[in-house]
Amino acid sequence: MPPILSIKNLQKEFFSRGNRVLAVEDLSLDVEDGEFITIVGPSGCGKSTLLNCIIGLVHPTSGVITYKDKKLHGINTDIGYVPQSDYLYAWRTLINNVAFPLEMRGVDQKTRHDKARELIQRVGLAGFEDHYPHELSGGMRQRANIIRTLIYDPDVILMDEPFGPLDAQTRIILQDQLLKLWREARKTVIFITHDLVEAIALADRVVVMTSRPGNLRSVAEVDIPRPRDVFTIHSQEAFRRTYDQLWQELREEVQRSEDWMKNGSAG
């Protein structure tokens, strides 16, 4: 079977104040159906640009992206997107925020609320259905952010540092919940993170991107059996081997990025 998502020779450049900025250059990647891919790389290496090209928020300068063997044109509403900020509507309760995508698709209130309640319970938020976002913690809002995307059942979900703003304890709890949701639904996930431990704990494969312009430095298989215990995974020998290999590559790319910034500033 062909990959559910295929990126071939992707390039994206921007123009700012008359200057050309090459964000992503000649990047190619195939993603299989049901795969969990994590992406790490230096700040500014084009990770978010890559996701925005996949979903169609920005148009590639060149290259081809295919979804289910069809070339993408414009925004693909079949792909879900979980951003770093939760963007919950302040005037809507939790259940109405989670159910909102189904409301936009014309689903009747009972059906969409029944589905929302099921997901709310699965992520440990039962009892908070009638609370507003300002009454919820950051971790609770981010759980709502994730299940608001899951509710309309996309086959591919893009996640742009969804746990970035959270404290360490909340992050690992949400990592565990995300893996359980993924194991049940087997959606295809592409997940950006700056945390290499998180990247390895979650993924089937970890993509390391180069410093700008972004390309693939490496793609590593994570040879750790599932289901995984994210609370203790760092103590496993297979985790340590993978971490040591990828950290060396990531550190080199971060250093290149810092050198580029210093030289650019000096220029």
Side-chain angles (χ1 to χ4, degrees), residues 1-12 23-41 46-84 87 98-107 111-112 115-116 118-119 122 145-162 178-193 199 202-209 214-216 218-222 226:
M1 291 181 60
I4 191 169
L5 185 71
S6 182
I7 305 160
K8 300 296 184 188
N9 307 117
L10 179 70
Q11 180 164 312
K12 179 59 184 178
V24 178
E25 182 179 35
D26 198 29
L27 187 153
S28 296
L29 178 69
D30 287 341
V31 180
E32 301 300 326
D33 187 20
E35 205 175 11
F36 201 127
I37 299 286
T38 56
I39 301 177
V40 295
K47 300 185 294 294
S48 294
T49 297
L50 173 59
L51 293 197
N52 288 335
C53 287
I54 291 172
I55 201 169
L57 292 175
V58 300
H59 300 291
T61 304
S62 61
V64 176
I65 300 175
T66 57
Y67 172 72
K68 295 185 177 179
D69 226 17
K70 294 182 180 179
K71 185 176 178 180
L72 289 182
H73 297 283
I75 294 178
N76 187 347
T77 57
D78 289 339
I79 294 178
Y81 201 165
V82 179
Q84 184 171 0
Y87 296 117
V98 173
F100 180 70
L102 296 185
E103 182 180 342
M104 294 299 295
R105 296 188 175 196
V107 177
T111 300
R112 65 179 186 257
K115 182 63 175 176
E118 176 190 342
L119 288 169
R122 283 167 62 185
N145 194 29
I146 292 170
I147 61 176
R148 183 176 56 178
T149 299
L150 290 175
I151 199 168
Y152 66 90
D153 204 29
D155 288 332
V156 175
I157 301 173
L158 311 180
M159 308 185 81
D160 192 355
E161 295 189 71
L178 176 60
L179 281 183
K180 289 176 180 175
L181 290 170
W182 173 79
R183 191 165 65 246
E184 293 169 2
R186 295 301 295 193
K187 301 299 182 181
T188 305
V189 176
I190 303 176
F191 184 108
I192 288 177
T193 178
L202 296 177
D204 295 312
R205 291 188 294 160
V206 178
V207 173
V208 179
M209 287 185 65
N215 204 328
L216 302 190
S218 66
V219 181
E221 301 275 352
V222 179
R226 296 188 186 275

Q | Donor-acceptor contact present, side-chain R112 to main-chain V107, <3.5 Å | A |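 Indeed, once roles are kept as given, a pair shorter than 3.5 Å links the two residues.
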Q.
Between T38 and V206 (side chain of the first, backbone of the second, donor and acceptor by atom type, cut-off under 3.5 Å), is there such a pair?
A. no
Q: Give me the one residue out of N145, I151, L150 that meets side-chain contact (heavy atoms from CB on, under 4.5 Å) with V98.
A: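 Result for side-chain contact (heavy atoms from CB on, under 4.5 Å) with V98: I151.
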Between [atom1] on residue [X] and [atom2] on residue [Y], distance to nearest 0.5 Å:
X: E35; Y: D30; atom1: CD; atom2: CG; answer: 9.5 Å
X: I192; Y: L158; atom1: CD1; atom2: CG; answer: 8.5 Å
X: L5; Y: I37; atom1: CG; atom2: CD1; answer: 10.0 Å
X: L202; Y: D204; atom1: CG; atom2: CG; answer: 10.0 Å
X: L181; Y: R186; atom1: CG; atom2: CZ; answer: 13.0 Å
X: N215; Y: L27; atom1: CG; atom2: CG; answer: 5.0 Å

Quick check: closest heavy atoms across [X] and [Y], and the distance to 0.1 Å?
X: L216; Y: S28; result: CD1-O, 3.0 Å
X: T149; Y: G80; result: CG2-CA, 3.7 Å
X: R148; Y: Y87; result: NH1-O, 3.3 Å
X: R205; Y: V31; result: NH2-CA, 4.1 Å
X: M159; Y: V189; result: SD-CG1, 3.9 Å
X: W182; Y: G34; result: CZ2-O, 3.2 Å

Solution key, residues 51-65 side-chain donor-acceptor pairs under 3.5 Å, sequence neighbours excluded:
residue : atom : partner : partner atom : Å
N52     : OD1  : Y81     : OH           : 2.9
N52     : ND2  : S48     : O            : 3.3
T61     : OG1  : E13     : N            : 2.9

**Q.** Partner residues of Y152 under the ring-ring contact (aromatic ring centres under 6.0 Å, His included) criterion, sequence neighbours left out
**A.** none
Q. Is any side-chain heavy atom of Y67 less than 4.5 Å from a side-chain heavy atom of I4?
A.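 When only atoms from C-beta onward are counted, I4 and Y67 do touch, with a gap below 4.5 Å.
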**Q.** Pairs satisfying salt bridge (charged side-chain N to carboxylate O under 4.0 Å, His left out), at least one member in residues 67-84, at least two apart
**A.**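 Applying salt bridge (charged side-chain N to carboxylate O under 4.0 Å, His left out) to every pair that reaches into residues 67-84, excluding sequence neighbours, yields K68-D155.
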Q.
Please determine whether side chain to side chain contact (heavy atoms under 4.5 Å, CB included) holds for the pair I157 and I146, giving the CA-CA distance in whole Å, both sets of side-chain angles, and the decisive distance to 0.1 Å.
A. CA-CA 10 Å; I157 301 173; I146 292 170; over 6 Å; no
(Q) Assess whether a salt bridge exists between K180 and E184, defined as any Lys/Arg side-chain N lying under 4.0 Å from an Asp/Glu carboxylate O. (A) no
Q.
I'd like to know if K47 and D160 make a salt bridge, using a cut-off of under 4.0 Å between side-chain N and carboxylate O.
A.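 No, no charged N to carboxylate O under 4.0 Å.
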